[in-house]
Amino acid sequence: MKLPRLPNLFALACVALLGGLGTPSLAVDASALFDQHCAACHGAQRTGSMGPALLPESLERLRPAEAKKVITQGRTATQMPAFGATLSAEQIDALAGWIYRPVSPSPTWAEADIRASRVETPDAQGLPNKPVWRADPMNLFVVVEGGDHHVSLLDGDRFEVIHRFASRYALHGGPKFTPDGRFVFFGSRDGWITKYDLWNLTVVAEVRAGLNMRNVAVSGDGRWVMAANYLPRKLALFDADLNLVKSFDASTLDGKSASRVSAVYDAAPRRSFVVAMKDIPEVWEISYDPKAEPIHDGYVHDYKMGEAIAKPGYQGVRRTLLDEPLDDFFFDQSYRHVLGATRAKSDGTPTAQVVNLDIRQKIAELPIAGMPHLGSGITFAWGGTTVLASPNLKGGAIDVIDMKTWKPVKTIPTPGPGFFMRSHENSRYAWTDSMMSPTARDTLTLIDKTTLAPVASVREPGKTLAHIEFTKDGRYALASVWELDGALVVFDAVTFKEVKRLPMSKPVGKYNVWNKISRSEGTSH
Ligand code: DHE
């Protein structure tokens with residue numbers, strides 16, 4: 001028999017005792033409210049899932065007043081809805097107080113937990129080294145369907161689904177491929193990494209790298225997988241079969257300040273992982289080049305992967321010190337520079353900074369309006385130089401930046417703030433969405449890469465239309481109707497006419513194997 005749920009007396013008492021968060025009445029059961037409205041996305045233990053962890057450790061930089069505002073109004077550029085119309089001010093006060101209370105027992109995720117979480121599919125090793133399906137393996141699309149947490153594999157020539165399988169809950173970030181395109185690694189917000197064999201249609205292994213993870217990167221040689229975590233504040237390094245090799249504390253060298261890890265990316269030409277820290281003004285580089293020379297100069301340590309593995313506890317990190325932390329960044333083609341967005345300017349002005357990874361210094365700063373989503377930017381040749389074009393999470397504009405002079409060359413207006421941008425070497429046009437705009441979320445804007453002017457738009461009236469990816473040859477652009485009963489829409493990339501439509505459940509992202517492994521300039525890396 002199911003017993004009726006009694007109010008949690010500890011929660012009631014805590015709410016009554018919290019200062020600075022209003023004077024909630026004893027009638028509000030914060031724990032029950034959390035279970036009802038928040039646990040599905042933030043986890044029953046508040047350790048994060050689809051949404052971030054809501055623990056005192058992860059909320060250090062969020063003032064209680066800001067927490068109340070977020071609960072009331074929701075948060076731009078995230079899935080966090082507004083509760084102002086559903087909950088009373090008293091209930092919102094109670095919830096805002098509750099999330100700053102320690103969870104007991106405190107959640108931890110040590111190396112032993114990571115190792116113990118690993119699962120392997122029996123007999124998944126040693127399967128044939130060729131696809132069991134008939135289609136061009138290089139023109140395969142991996143489509144992440146966030147609505148019902150599935151992944152579809154799509155033949156990019158016939159636009160037919162080859163296979164569909166259940167994924168971990170709330171995958172986030174682009175899946176990462178091995179250089180031959182056979183294996184793909186998915187990362188979920190609650191820390192799971194899944195290695196999947198695309199040719200044999202099977203999960204190979206899974207491991208939980210952390211409690212709240214940002215993304216994963218796969219080394220250009222296919223030998224290493226690195227996971228970036230918010231909780232615990234660590235990077236976790238795995239071999240290609242997801243056996244933990246080492247974890248790195250995301251902290252300053254003196255160990256006094258620890259940071260959430262914003263993201264890790266592979267810098268294949270440098271044979272290294274490059275890491276952005278959310279809370280400390282440092283960019284990290286960890287080499288996997290077996291021939292890398294040791295570097296010794298005070299703050300910099302030998303960063304050879306071999307050394308890092310051979311000496312347990314050895315940091316093995318090459319640090320670039322900055323004035324402000326980098327939030328999101330983009331490499332230039334040489335991978336010598338990163339262009340990063342800075343959120344933390346004291347006067348609130350967002351800027352971008354350019355960091356030279358070789359000399360380990362900031363070399364330029366440029367003002368950019370709003371909040372550029374640099375990770376979703378693309379590069380292309382324009383006016384005798386190469387430019388980076390990036391959508392903007394806060395403004396209806398595309399920022400175009402000259403990658404030689406690091407100066408903005410144009411701001412292209414769009415109908416509203418957007419998340420993603422895509423093009424292809426063989427296409428004259430770049431496609432971008434306005435999915436953050438309540439009025440223009442149904443519109444994709446097509447920009448002529450020669451004139452830097454918007455030339456056309458496609459619409460899905462009343463629905464959200466977002467995230468584009470081109471076929472291997474650039475002839476077709478695939479966009480998502482980003483709804484639970486959504487669809488993948490195939491557009492002719494020259495006439496902009498719809499060619500085919502496949503029903504899908506909120507297809508949040510789609511990734512073409514060839515464009516990814518060849519590092520096409522029109523897609524994210
Ligand atoms: Fe993302 C990629 C950060 C919210 C869908 N997002 C990324 C990456 C970063 C990032 C750093 C690159 C990682 C990679 O590919 O390896 N995202 C953030 C945020 O900081 C932000 C704004 C807040 C957050 O809650 O984390 C955020 N992202 C979202 C969403 O709300 C989106 C729209 C829906 C969702 O599923 O969570 C979303 N992010 C995506 C997608 C990619 C992504 C689909 C991969 C894009 C690509 O094509 O490569």
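Counting starts at 1 for both ligands and their atoms, following the listed order.
Every atom of ligand 1 is numbered from 1 in the order shown, and the set under 4.0 Å from a heavy atom of V508 is 44 (C). The contact set between ligand 1 and K176, taken as ligand atoms under 4.0 Å from a residue heavy atom, comprises 14 (C), 15 (O), 16 (O). Close approach of ligand 1 to H467 is summarised as follows: ligand atoms under 4.0 Å from at least one heavy atom of the residue are 46 (C), 47 (C), 48 (O). Residue contact check: R189 has heavy atoms under 4.0 Å from atoms 4 (C), 24 (C), 25 (O), 26 (O), 28 (N), 29 (C), 30 (C), 35 (C), 37 (O) of ligand 1.
Looking at residues two or more places apart in sequence or on another chain, you find no salt bridge (Lys or Arg N to Asp or Glu O under 4.0 Å) involving R475.
By the 3.5 Å distance cut-off applied to N or O atoms, N215 is counted among the residues near ligand 1. Between R422 and ligand 1, at least one N/O pair is under 3.5 Å apart. When only interatomic distances are considered, the shortest N/O to N/O separation between Y265 and ligand 1 does not fall below 3.5 Å. The distance criterion of under 3.5 Å between nitrogen or oxygen atoms is not met by W482 with respect to ligand 1. Of the polar atoms of A263, none of the N or O atoms is found under 3.5 Å from an N or O of ligand 1, judged by distance alone. For ligand 1, the polar-atom distance check against H172 finds a nitrogen or oxygen pair separated by under 3.5 Å.
Taking CG from L171 and CZ from R189, the interatomic distance works out to 10.5 Å, rounded to the nearest 0.5 Å.
With atom 15 (O) of ligand 1 as the reference point, the heavy atom nearest to it among S262, G174, S376 is part of G174.
Side-chain contact, E285 with T320: no donor N or O sits under 3.5 Å from an acceptor N or O. For the residue pair T471 / D473, a side-chain donor-acceptor distance below 3.5 Å is found, with atom types taken as modelled. N139 and D155 share no side-chain donor-acceptor pair at under 3.5 Å.
For the pair R46 and W98, the cation sits on the ring face: its NZ or CZ lies under 6.0 Å from the ring centre, inside 45° of the axis.
In terms of modelled atom types and a separation under 3.5 Å, the side chain of E469 and the main chain of A479 share no donor-acceptor contact.
Salt bridge present: D136 and K472 bring a charged side-chain N and a carboxylate O closer than 4.0 Å.
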